[in-house]
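All remarks here apply to the structure that follows.
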Protein chains: 4
Amino acid sequence: MLLHRHPSFELAAVTARAEAGRPLESVHPRTRVGLVLQEEIPLDVEAAVVAYPHGASAPVVAQLRAAGVRVVDLSADFRLRDLAVYEEWYGPHGAPSLIDEAVYGLPELNRAAIAGADLVANPGCYPTAALLALTPFRGAVQDVVIDAKSGVSGAGREPTATTHFNSANENVTPYKVGAHRHTPEIEQELGAQVLFTPHLVPLAQGELVSCYVRTSLGVEAVAAAYAGEPFVEVVQGPPGVLEVRDTNFCRISVHHDARTGRTMIFSAIDNLWKGAASQAVQNLNLMFGRPETEGLL
Amino acid sequence: MLLHRHPSFELAAVTARAEAGRPLESVHPRTRVGLVLQEEIPLDVEAAVVAYPHGASAPVVAQLRAAGVRVVDLSADFRLRDLAVYEEWYGPHGAPSLIDEAVYGLPELNRAAIAGADLVANPGCYPTAALLALTPFRGAVQDVVIDAKSGVSGAGREPTATTHFNSANENVTPYKVGAHRHTPEIEQELGAQVLFTPHLVPLAQGELVSCYVRTSLGVEAVAAAYAGEPFVEVVQGPPGVLEVRDTNFCRISVHHDARTGRTMIFSAIDNLWKGAASQAVQNLNLMFGRPETEGLL
Amino acid sequence: MLLHRHPSFELAAVTARAEAGRPLESVHPRTRVGLVLQEEIPLDVEAAVVAYPHGASAPVVAQLRAAGVRVVDLSADFRLRDLAVYEEWYGPHGAPSLIDEAVYGLPELNRAAIAGADLVANPGCYPTAALLALTPFRGAVQDVVIDAKSGVSGAGREPTATTHFNSANENVTPYKVGAHRHTPEIEQELGAQVLFTPHLVPLAQGELVSCYVRTSLGVEAVAAAYAGEPFVEVVQGPPGVLEVRDTNFCRISVHHDARTGRTMIFSAIDNLWKGAASQAVQNLNLMFGRPETEGLL
Amino acid sequence: MLLHRHPSFELAAVTARAEAGRPLESVHPRTRVGLVLQEEIPLDVEAAVVAYPHGASAPVVAQLRAAGVRVVDLSADFRLRDLAVYEEWYGPHGAPSLIDEAVYGLPELNRAAIAGADLVANPGCYPTAALLALTPFRGAVQDVVIDAKSGVSGAGREPTATTHFNSANENVTPYKVGAHRHTPEIEQELGAQVLFTPHLVPLAQGELVSCYVRTSLGVEAVAAAYAGEPFVEVVQGPPGVLEVRDTNFCRISVHHDARTGRTMIFSAIDNLWKGAASQAVQNLNLMFGRPETEGLL
């Protein structure tokens, strides 16, 4: 949808596996692009956004790169620079030779590198929110506790006991305690150890990341880091996820608690937008020299 | 309702201010007790459960105590033993002479004292969940970060911009950052400093408290602390609040993260039950020598 | 749970198929009865509540009846008196010889017959609400349109595309248009043709049935029909389903629209209580000569 | 927002009463237009979209029209052609002389008239969905029962007992039974009497209208009526409101029930889009000779 509406890109094809052959709008009812889902990976395009699960993504990306297609990959396959760390958390890697080529696609951190990249690893949703909250304190932060809350779209489209309405509704549950795969991605980019714990909350989409840290820097570091950023808004009161729903914005508030000496940073994004699809468009804009906000405001 | 159904207590009267004169069931539609809400405080009863806001509660409690009525007070007025701490967080106290008489009414901590008490201060909802999670580590815990998530009933029955369906639905928001009044109550009973941050999540009732600590004790301390407790269940996986909905149970899981050296404790209660009404009944059972679980299973 | 708490009944056993061998509370976390789910149907009991799907229920009921056990069957297998109608809507019947023995278990209509019955067919959730709304007009009603709204628990515990949180949340959808199997059950007991259309709404439990009819009777017929009924409340304003949540009550309002000459009746129940489990207990109370409200208030 | 993003219109000013002086984005957090809310009605513009309550709107519209500004009015003030009917349902009219000038702004019915109009009365949300469902049967329809379900945004932004999260959540309630002001609007455009009953359902935005009618026309009348319409989609299965969320689309399904001889039409819209804001843009497109879908796909 975002690409279809984009003034500078043309959406050439959408692929699917189980649902190939169906009109795009039969699977995504709000999309009315006139495309039929196709099984074949199109190689005669300038760029591709790959949205396969980790593991399945790497070979597809390799195929596209071999054909000279520039890629934004939404999976985890090219986010971690250290193959050993990848394999510890995800298992065998499908295209390790491409890891060095990949650029971590958080535009607020890596704008210049993304512009010249042929393979951009779009960050995970939690790392997007957590890193925007924490990187202003990079090098001066410790004792990092991250407590995240995500809507059910974060748990996938598959119907499971967990995603059943009557399980998720009126419920709040921590999950993957001490074991969520976004942990090494946050640590890699932050350069510090973190304890990251996600929770499932009863909403469709949206994500709040609450960070509790010790830092030698003042709260003003956050506003300073994001002056001029088009998609990061530093606000006074703590943000609610509804404020950024269906947008590419990240809203952040930062608070110092004198009693305990800790600093708290709250970061809200839409996990399906800034945490995935619209951030991919932001990356494409950078890669193809378009204005960074094009198609996103 | 809980009292009405209780085999050993008789519900003699229910008071109200704005709604006096109306049948109880017109205000609480699911209650069908046959009582009319009355304005006058009944003094010819053996016990009273007082559910006034803090500040307004103390004089009513004083009136009841002067008449010899044993009281469970749901407000914050008698939870803090140190008058100065109370006045710092809540303002002037309405009956400071009664503070010494009051017993903090968390049965799992104070069972014996509650049994002999004439004035029991029912804990706040967050302190109930947090203290049940943390007191097994009392004296051996530090760096305590508490991230709590509460349903909208925790925000009161008053219609406000915050409690409007379209504000709360599909939203998650931190509130009272660094300033929630349950903080000193937790610190008093735990004997350690805590950083406590509540969040509003879109459900009617239920509360999850996620605690991140450093402790010299092992995770087994929790199960040891609650062996034989009728209302605390130590479970393997992290608990969801729906599991304890409409019950007096608290479900707790505890996890040690070797990577970061931290221990995590998750504690789920129903904020309107174990966090308020049913805990009051548990206290009444203790005060009047009834079986602790009577009327609660 | 309702049976476990019931003062006159003893819950002897709970059966399951896939989950046999597990403690009851591992499947229903809020139940703490101390029973292990068993596969075998217990035949040495006085009564059984059977909660199998239609088709699967009939043989189990036959087995229990052969052993002299009195049965409340929650399935549709014994609700329809006409075998041909049953087979048209549900397929082959597993125990047709028991149909004549079965009594339709809506206590407000069939109190005397239920008291003497050995096999009671507990009504469907929609028929319960619809028949309590409409039977006061029986014999004097036509042009019946029933528009029903049900929470997701009505769609079953199975995780499906429909019951996925992100499908059901923020959605309203009609389903089984012109084809819902509760239609013949309503028509049988009402003695009139109805157009019945259910809708899925985003809540866990609760059911509102909106009936639009032409009748020669006045609105006072409803209050007259339910004078003295312990579980039917005729109210002025239209009822909300939340008012009867977790209760055996049915709340009904009735309105005549002079402009169009139609009468509207709104009926709210909890589909899992009055629409299923608590109505079964109400039937058991009648069958065993207990006070009809025992264990239900 | 829709206007801000529209390629052919320029958003010149946004007015407010209580909130004048605040940045637009402080009131509507997802809007980032850079405008400050102003109290004064701007008269030096080509067109205005007026979103005042009924009664308050008419004088503002009169002021704008006197200055030659073309107006789309979102209130009910100019929807009813018969002053007496208006005053019966709404009270005194503030600018009756403008009634004749106004065109009922449902583009699918009145495309040509809207194109030439200076004052367009944007339809109510319920009439939009109901009329799109029913007008294909105009002149050949009777016994019309309309049962509508709306999200809480339909109940207004004001915090009330009804819109409190804990009242609306997990609830379904009929309201304004036999008395909703959208009734005469539907009857005027349909040319037939209707019984219209709205219900509040627990979602933020979205509206489903279920129509039960007798008609001499076949179900194919609906597809025939909307062939070529850009924003009306006739679908096989009944539509869910989530399918049209945040769009200007209306999805309709139509079913004939041979048993009862009735025809059912289900119509889903987003009450804040096709039921209000995006339909206003569709009308502006027509009024100013722009492609009808501009800024809306």
message: Apply side-chain hydrogen bond (donor to acceptor under 3.5 Å, both in side chains) to residues A/Y90 and A/D77 and explain how you reach the verdict.
response: CA-CA 9 Å; A/Y90 291 97; A/D77 281 356; over 6 Å; no
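The greatest number of non-hydrogen atom pairs below 4.5 Å with chain A, out of B/S167, B/G240, B/G206, B/S210, is found for B/G240. Between chain A and the options B/A258, B/S253, B/P239, B/G237, the largest number of non-hydrogen pairs under 4.5 Å is found for B/P239. Most heavy-atom pairs under 4.5 Å with chain A: of the set B/T197, B/V194, B/L200, this distinction falls to B/T197. Among the candidates A/V201, A/D257, A/L208, A/L195, the residue making the largest number of heavy-atom pairs closer than 4.5 Å to chain B is A/L195.
At least one side-chain heavy atom of A/F78 sits less than 4.5 Å from a side-chain heavy atom of A/H93. Side-chain contact between A/F137 and A/V254 is present, with heavy atoms from C-beta onward closer than 4.5 Å. Residues A/L297 and A/F231 are in side-chain contact: their nearest non-hydrogen atoms beyond the backbone lie under 4.5 Å apart. Side chains of B/D82 and B/Q188 form no contact here, defined as non-hydrogen atoms less than 4.5 Å apart. Looking at A/Q279 and A/L106, their side chains come closer than 4.5 Å, going by heavy atoms from C-beta outward. Side-chain contact between A/Y86 and A/H54 is present, with heavy atoms from C-beta onward closer than 4.5 Å. Inter-residue side-chain proximity for A/R79 and A/Y104 is flagged as met; some heavy-atom pair is nearer than 4.5 Å.
With values rounded to the nearest 0.5 angstrom, A/C250 atom SG is found 8.0 Å from A/E108 atom CD. Taken to the nearest 0.5 Å, the NZ atom of A/K274 stands 3.5 Å off from the CD atom of A/Q282. Considering CG of B/L80 and CD1 of B/I99, their distance stands at 8.0 Å, rounded to 0.5 Å.
Heavy-atom proximity under 4.5 angstrom to chain A picks out B/V172, B/T173, B/P174, B/V177, B/G178, B/T183, B/E187 from residues 172-187 of chain B. Residues of residues 142-151 of chain B that come within less than 4.5 angstrom of chain A, heavy atom to heavy atom, are B/D143, B/V145, B/D147, B/K149 in numerical order. Of residues 264-273 of chain B, those residues with a non-hydrogen atom less than 4.5 Å from any non-hydrogen atom of chain A are, in numerical order, B/M264, B/F266. Chain B is approached within less than 4.5 Å, heavy atom to heavy atom, by no residue from residues 124-135 of chain A.
At distances below 3.5 Å, at least one donor-acceptor pair connects side-chain atoms of B/R138 with backbone N or O atoms of B/E189.
For chain A, the nearby parts of B/E170 are the backbone and the side chain; heavy atoms of each come within less than 4.5 Å. Both the backbone and the side chain of B/R259 come within less than 4.5 Å of a heavy atom of chain A. When heavy atoms are compared at a cutoff of 4.5 Å, B/H199 approaches chain A solely by way of its side chain, counted from C-beta outward.
Side-chain contact annotation: A/H256 with A/T263, donor-acceptor N/O pair under 3.5 Å present. Side-chain atoms of B/Q205 and B/D246 form a donor-acceptor pair, as typed in the model, at a separation below 3.5 Å.
Considering B/L296, B/V281, B/L2 in turn, B/L296 is the only one that fulfils the side-chain contact (heavy atoms from CB on, under 4.5 Å) rule with B/N248.
The minimum heavy-atom distance between B/A168 and B/V152, with the atom names listed, is CB-CG2, 4.0 Å.
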